[in-house]
Trainee: 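Handing you this structure, nothing more for now.
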Amino acid sequence: MQEDEGIKYDLWRDHVHLSLTRPVFFIGFMGAGKTSIARFLARKCGISSVDMDTYIERREHKRISDIFADVGEEGFRRIETDVLRELALIDEPQLISCGGGVVASKENRTILTDNGFVVFLWVDVDEASRRISDTSSRPLFRDLNEARKLCEERIPLYKSVADIVVDTTGRNVPGIAFDIHRMLEGRGVLCRQQK
Ligand code: S3P
């Protein structure tokens with residue numbers, strides 16, 4: 001990712017008193033930067049963010065890889081749907097970074113589109129694999145060719161629910177967050193509060 005891109009964000013100073021009109025879901029393949037971008041943007045805007053995988057690990061008292069080992073992908077997907085529904089319905093809207101497979105079920109896709117604004121972070125699988133230092137925590141990213149196939153299968157699903165698509169290839173977190181911030185304001189999802 002380009003280092004100097006973040007300068008745009010440093011030039012932008014008026015970052016207080018912002019709120020969301022609805023939840024914003026960050027979706028995309030593993031390594032797209034969903035968690036880092038949501039967290040960075042949340043900090044800059046003074047709003048909350050939650051990472052679904054972290055939430056699941058705390059709720060289940062287990063790491064994602066252990067959930068896959070114990071109850072399989074199917075069991076993990078059931079937990080993921082419960083958690084998605086729970087987070088989508090929280091009163092105060094927040095930035096929600098979803099697991100890469102959240103779009104696999106129709107039920108989840110409906111929860112996303114019915115309840116929030118969806119940001120699809122696009123990443124090339126080769127770049128994603130360079131960004132992920134430890135694939136042991138991602139049971140579905142252990143083989144590059146398998147990951148490539150999975151990503152290709154999912155692209156139409158990501159696109160089918162996305163309100164905006166952002167290409168993250170070769171870019172850094174502050175630069176991407178800055179652009180998303182502008183788009184969210186433009187769409188009336190992120191608002192300046194009257195004081
Ligand atoms: C998955 C992505 C992971 C995690 C689980 C399954 C997937 O989340 O939910 O390993 O099916 O793509 P990240 O996209 O945050 O790595």
Side-chain angles (χ1 to χ4, degrees), residues 1 23-43 48-88 94-112 116 118-162 164-169 171-173 176-177 180:
M1 285 192 176
V24 176
F25 298 105
F26 288 83
I27 62 163
F29 203 59
M30 293 168 269
K34 303 177 293 279
T35 308
S36 316
I37 293 165
R39 195 180 291 147
F40 182 91
L41 190 57
R43 211 174 47 236
S48 310
S49 70
V50 57
D51 176 63
M52 270 182 62
D53 284 345
T54 308
Y55 191 92
I56 290 171
E57 288 185 335
R58 291 201 182 125
R59 191 179 105 142
E60 300 299 309
H61 307 290
K62 274 185 207 167
R63 303 190 68 105
I64 299 293
S65 51
D66 293 328
I67 300 175
F68 268 74
D70 292 350
V71 295
E73 183 174 350
E74 213 182 296
F76 171 77
R77 297 294 171 208
R78 274 196 296 273
I79 301 168
E80 189 178 46
T81 298
D82 280 355
V83 165
L84 178 65
R85 191 176 297 107
E86 190 181 320
L87 294 176
Q94 47 189 332
L95 303 177
I96 302 166
S97 48
C98 302
V102 76
V103 293
S105 83
K106 174 86 182 82
E107 188 177 1
N108 289 1
R109 297 198 296 276
T110 304
I111 297 173
L112 293 170
V118 182
V119 179
F120 169 26
L121 299 176
W122 156 256
V123 67
D124 167 78
V125 176
D126 293 292
E127 179 154 339
S129 88
R130 286 194 293 275
R131 287 181 194 170
I132 298 173
S133 47
D134 175 17
T135 53
S136 70
S137 61
R138 286 167 167 102
L140 300 180
F141 206 137
R142 291 199 174 133
D143 175 273
L144 187 57
N145 285 327
E146 286 296 313
R148 206 186 301 283
K149 222 173 99 205
L150 188 60
C151 183
E152 270 161 25
E153 280 166 22
R154 285 182 182 166
I155 288 171
L157 302 177
Y158 292 132
K159 285 188 177 160
S160 74
V161 293
I164 54 173
V165 182
V166 179
D167 186 358
T168 71
T169 311
R171 304 192 59 200
N172 72 7
V173 170
I176 299 163
I180 294 172

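Not measured: the values here are computed from a predicted model. Every number for a ligand or one of its atoms is a count from 1 in the order of the listing. Reckoned from all heavy atoms, side chains included, excluding hydrogens, waters and symmetry mates.
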Trainee: Out of all atoms in ligand 1, which are within 4.0 Å of some heavy atom of Asp53? Include the element for each.
Mentor: 3 (C), 4 (C), 8 (O), 9 (O), 13 (P), 15 (O)
Trainee: Between Phe76 and ligand 1, which residue portion shows a heavy-atom distance shorter than 4.0 Å: side chain, backbone, both, or neither?
Mentor: side chain
Trainee: Is it true that Thr168 and Arg131 share a donor-acceptor pair across their side chains at a distance under 3.5 Å?
Mentor: yes
Trainee: I'd like to check whether Thr35 has a polar contact with ligand 1, where a contact means an N/O of the residue lying under 3.5 Å from an N/O of the ligand.
Mentor: no
Trainee: In sequence, state the C-alpha distance, the side-chain angles, and the governing distance for Glu60 and Asp70, and then conclude on side chain to side chain contact (heavy atoms under 4.5 Å, CB included).
Mentor: CA-CA 12 Å; Glu60 300 299 309; Asp70 292 350; over 6 Å; no
Trainee: Distance under 4.0 Å to a non-hydrogen atom of Gly99: what atoms of ligand 1 satisfy this?
Mentor: 8 (O), 9 (O), 14 (O)
Trainee: Please determine if Lys34 and Asp51 form a salt bridge, counting it only when a charged side-chain N lies under 4.0 Å from a carboxylate O.
Mentor: no
Trainee: Of all the atoms in ligand 1, which lie at a distance below 4.0 Å from a heavy atom belonging to Pro139?
Mentor: 10 (O)
Trainee: Hey, are Arg77 and Glu74 close enough for a salt bridge, meaning a charged N less than 4.0 Å from a carboxylate O?
Mentor: no
Trainee: Identify which of Arg63, Met52, Met30, Arg77 has a heavy atom lying nearest to atom 11 (O) of ligand 1.
Mentor: Arg77
Trainee: Enter the distance from Leu95:CG to Phe25:CZ here, rounded to the nearest 0.5 Å.
Mentor: 10.5 Å
Trainee: Quick check on contacts: which atoms of ligand 1 are under 4.0 angstrom from a heavy atom of Arg138?
Mentor: 16 (O)
Trainee: Please say whether more than 12 non-hydrogen atoms of neighbouring residues, nucleotides or ligands are located less than 6.0 Å from CZ in Arg63.
Mentor: no
Trainee: What is the minimum heavy-atom distance between Ala32 and Val123, and which atoms define it?
Mentor: CA-CG1, 3.6 Å
Trainee: What protein heavy atom sits nearest atom 7 (C) of ligand 1, and how far off is it?
Mentor: Gly101 N, 3.3 Å
Trainee: Show me which atoms of ligand 1 lie under 4.0 Å from any heavy atom of Ile64.
Mentor: 5 (C), 10 (O)
Trainee: Using a 3.5 Å cut-off on N or O atoms only, is Leu140 in polar contact with ligand 1?
Mentor: no
Trainee: Can you name the closest pair of heavy atoms from Arg154 and Leu140 and give their distance?
Mentor: NH2-CD1, 4.1 Å
Trainee: Is it the side chain, the backbone, both or neither of Arg154 that has a heavy atom closer than 4.0 Å to ligand 1?
Mentor: side chain
